[in-house]
Amino acid sequence: MNELPLPKEPHLKPFPVFSGQRVLIWLGAVVVFLVAYNHASRGGGGLSESMGPQLFIPLIVAVFLVLFAFFYWRIRRWAAAYNEGISFFSAGDEQAATLRFEEAARRSTQGAQRAVSVAMMGQCQFAKGDAARSLELFGSAERSGKLRGSVPAMHRWMPSLIATARFAQGDLASARAWLEEGRKRDGELPPIYALLPEVALLCREGKPADAVAALDARPGEADALVGRDARRLKLLRAFALDALDPAIHAAAIDATLASLQPVRPGDFEVLVARWPELQAFVERRGLSRAA
């Protein structure tokens, strides 16, 4: 598998183990701890004698409360931006969702928060047809290593998302390798993002019968996809049926193409960009304006 790229923006890269802000916060916490420990070890003497217990104890409590409030405020800001992104993404507004997920990545206070925010931003970018950008974002989430323990479902799905982006770039060998990696990670959760790249690869490799068989055997995975991914999968079904026998499957092809309406601009561009046969099918079926 090729080395995964990373975005150039610092706030979209894997969360750093050490950062200036984090060092200052921990340094402040250590100072407060040492002062409190010194106070306790001397039996209440030292600093408390100069300040008086009426000031010293409230000061220690206030410092800890400020630190707690700061972290709570940061987490709330991240959660608000991330949840807004999910709402926009579910509604099909990938542009607005991208902005909210990027804001969530900026506000993240730990690696898992940034990884899941960047991964969702990558899905938005792929939905909009930008495979190269989505691959950078998926690369950041994957290379962070934070999804395995914190978001196991996304950790299992990430290889399939990367495979789809690699396929869209025309790197079929890498797409196949990432699909195999996804199979190794399979757990109890269904690999809902694996079906699209699998079917695309089968069609691209000249195996339309296997592609249709995979679609028929895994209806639950197909139904789990929504928006542009669902329309892209239906396009591939129609394409595979056409490759098998356009006359025999004419009714099924027409029904499948009708079911993917309404088509939005950019729905198919990411698939047809490096796939002349699919491009020809889209043009022949009058879908080129949406591609």
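- Closest non-hydrogen pair, His249 versus Leu241, comes out as CD2-O, 3.6 Å.
- The heavy-atom pair separating Ala115 from Leu147 by the smallest distance is CB-CD2, 3.8 Å.
- Residue Arg148 places its CZ atom among 12 or fewer non-hydrogen atoms of other residues, nucleotides or ligands, all under 6.0 Å distant.
- Atom CG of Leu195 sits about 9.5 Å away from atom OG of Ser160, to the nearest 0.5 Å.
- Nearest heavy-atom pair, Cys203 versus Ala211, reported as atom, atom and distance to 0.1 Å: SG-CB, 3.7 Å.
- Residue Val118 is grouped with residue Leu4 when hydrophobic side chains (ILVMFWY) are merged at heavy-atom distances under 4.5 angstrom, including chains of intermediate members.
- To the nearest 0.5 Å, atom CD of residue Glu102 and atom CD of residue Glu9 are 6.5 Å apart.
- Between the OG1 atom of Thr256 and the CG atom of Leu235 there is a distance of 10.0 Å, given to the nearest 0.5 Å.
- Linking ILVMFWY side-chain heavy atoms closer than 4.5 Å, directly or via other members, places Leu6 and Phe138 in two distinct hydrophobic clusters.
- Taking the centre of each ring, Trp275 and Phe167 come in below the 6.0 Å mark.
- With respect to the salt-bridge test (charged N to carboxylate O, under 4.0 angstrom), the residues Lys184 and Glu180 do not qualify.
- Side chain of Asp242 to backbone of Ala238: no donor-acceptor contact under 3.5 angstrom is found.
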Side chain to side chain contact (heavy atoms under 4.5 Å, CB included) between Val282 and Glu277: does it pass, once the steps are laid out?
-> CA-CA 9 Å; Val282 166; Glu277 294 82 4; over 6 Å; no

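- By the 4.0 Å N-to-carboxylate-O rule, Glu205 lies close enough to Arg176 to be salt-bridged with it.
- A salt bridge between Arg143 and Glu3 is present, with a side-chain N of the basic residue lying under 4.0 Å from a carboxylate O of the acidic one.
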So Leu215 and Leu233, side chain to side chain contact (heavy atoms under 4.5 Å, CB included) or not? Walk me through it. CA-CA 9 Å; Leu215 288 166; Leu233 195 63; 3.7 Å; yes

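- Under a 4.0 Å N-O distance rule, the pair Glu142/Arg185 qualifies as a salt bridge.
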(request) Check the pair Arg228, Glu269 against salt bridge (charged side-chain N to carboxylate O under 4.0 Å, His left out), reporting the backbone distance first and the verdict last. (result) CA-CA 11 Å; Arg228 298 192 184 202; Glu269 184 179 76; over 6 Å; no

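- One finds the CZ atom of Arg166 at 13.5 Å from the CG atom of Leu161 (value rounded to the nearest 0.5 Å).
- When hydrophobic clusters are built by joining Ile, Leu, Val, Met, Phe, Trp and Tyr residues whose side-chain heavy atoms come closer than 4.5 Å, directly or via intermediates, Phe268 is grouped together with Leu201.
- Residues Leu12 and Leu99 fall into different hydrophobic clusters, defined by Ile, Leu, Val, Met, Phe, Trp and Tyr side chains chained together at heavy-atom separations under 4.5 Å.
- Looking only at distances, a side-chain donor or acceptor of Arg114 sits under 3.5 Å from a matching main-chain atom of Lys13.
- Note that CZ of Arg77 is 11.0 Å distant from OG of Ser108, once rounded to the nearest 0.5 Å.
- Here the side chain of Ser140 pairs no donor or acceptor atom with the backbone of Glu136 at under 3.5 angstrom.
- At least one side-chain heavy atom of Arg237 sits under 4.5 Å from a side-chain heavy atom of Asp216.
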**OP:** Apply side chain to side chain contact (heavy atoms under 4.5 Å, CB included) to Leu196 and Leu236, showing your working.
**Re:** CA-CA 9 Å; Leu196 179 60; Leu236 291 175; 3.6 Å; yes

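- The closest side-chain donor-acceptor pair between Tyr82 and Gln113, if any, does not fall under 3.5 angstrom.
- Atom-to-atom distance recorded for Lys128:NZ and Ser134:OG is 11.0 Å, nearest 0.5 angstrom.
- Taking each heavy atom of Ala165 and Phe126 in turn, the nearest pair found is CA-CE1, 3.9 Å.
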*side chain to side chain contact (heavy atoms under 4.5 Å, CB included) between Lys146 and Val151, worked out*: CA-CA 8 Å; Lys146 299 299 183 180; Val151 195; over 6 Å; no

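- A donor-acceptor distance shorter than 3.5 angstrom exists from the side chain of Ser144 to the backbone of Ala141, with no hydrogens or angles considered.
- Using modelled atom types, one finds a donor on one side chain and an acceptor on the other under 3.5 Å when comparing Trp78 with Ser117.
- We find that Asp229 and Arg232 are joined by a salt bridge, their nearest charged nitrogen and carboxylate oxygen being less than 4.0 Å apart.
- Leu257 places none of its side-chain heavy atoms less than 4.5 Å from the side chain of Lys234.
- Across Pro7 and Arg133, no two heavy atoms sit closer than the pair CB-NH1, 3.7 Å.
- Residues Arg76 and Arg107 are not in side-chain contact: their nearest non-hydrogen atoms beyond the backbone lie 4.5 Å or more apart.
- Legend: residues meeting ring-ring contact (aromatic ring centres under 6.0 Å, His included) with Phe281, ordered by chain and number and at least two apart, are Phe239.
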Quick one, Gln123 with Tyr193, criterion side chain to side chain donor-acceptor pair (under 3.5 Å). Give me CA distance, side-chain angles, the key distance, then yes/no. CA-CA 11 Å; Gln123 291 196 55; Tyr193 293 108; 3.2 Å; yes

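- Residues passing the side-chain hydrogen bond (donor to acceptor under 3.5 Å, both in side chains) test with Asp130: none are found, sequence neighbours excluded.
- Under 3.5 Å, the side chains of Gln125 and Thr98 contain a donor-acceptor pair of N or O atoms.
- The closest side-chain heavy-atom distance from Cys124 to Phe101 is below 4.5 Å.
- Taking both residues in full, the closest heavy atoms of Glu94 and Ala127 are given as CG-CB, 3.6 Å, listed atom of the first, atom of the second, then distance.
- The backbone N or O of Ile86 sits nowhere less than 3.5 Å from a side-chain atom of Arg100 that would complete a donor-acceptor pair.
- Leu202 and Leu179 end up in different hydrophobic clusters when Ile, Leu, Val, Met, Phe, Trp and Tyr side chains are linked at under 4.5 Å.
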